[in-house]
Student: 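Here's a structure for you.
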Amino acid sequence: MTMTGIAAATEEVQGKAHKFDLDERTARFGEAVIGFAKKVPRNPVTVSLINQVVRSGTSVGANYCEADDAVSKKDFRNKIGTCKKRGT
């Protein structure tokens, strides 16, 4: 699949082509992580864990956007690999 093919991948959903909007999905994911983090009770143990979860959860979107702007296929694969690694 090409760089453009990844960003504009489609699937059949109820007979219609559905475009994967990874920019939007990663942004929503980051917002969901922040929403979750706000609900976790803060105490000396959880503060640093909450901060790390928020940093990791929101970096996925930033890494994806950087990969989507890659200048070559090799650059894209490298940057999307970083995105995948950070998301797991």
Student: About how many Å separate OG1 of T82 and OH of Y64, when rounded to the nearest 0.5 Å?
Tutor: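 Taking OH in Y64 and OG1 in T82, the distance rounds to 14.5 Å.
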Student: Keeping to residues at least two apart or across chains, list the salt bridge (charged side-chain N to carboxylate O under 4.0 Å, His left out) pairs with something in residues 45-55.
Tutor: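 Of all non-adjacent pairs touching residues 45-55, none passes salt bridge (charged side-chain N to carboxylate O under 4.0 Å, His left out).
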Student: Could you give the distance from OG1 (T26) to CG (D21), rounded to the nearest 0.5 Å?
Tutor: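 The OG1 atom of T26 sits 8.0 Å away from the CG atom of D21.
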Student: Among residues at least two apart in sequence or on other chains, which ones pass side chain to side chain contact (heavy atoms under 4.5 Å, CB included) with A37?
Tutor: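 Checked A37 against side chain to side chain contact (heavy atoms under 4.5 Å, CB included); matches are I50, V54.
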Student: Sort and list the pairs that fulfil side chain to side chain donor-acceptor pair (under 3.5 Å) and have at least one residue in residues 27-38, not counting sequence neighbours.
Tutor: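 Matches after skipping sequence neighbours: E24-R28.
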Student: Quick one: side chain to side chain contact (heavy atoms under 4.5 Å, CB included) partners of V53, sequence neighbours excluded?
Tutor: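 Only V33 meet the side chain to side chain contact (heavy atoms under 4.5 Å, CB included) criterion with V53.
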Student: Residues two or more places apart in sequence or in another chain: which of them pass side chain to side chain contact (heavy atoms under 4.5 Å, CB included) with D75?
Tutor: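 With sequence neighbours excluded, D75 shows a side chain to side chain contact (heavy atoms under 4.5 Å, CB included) to A70, V71, S72, K79, given in chain and number order.
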Student: Looking only at heavy atoms, which two atoms of D23 and C65 are closest? And how far apart?
Tutor: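 Nearest heavy atoms, D23 then C65: OD1-SG, 3.6 Å.
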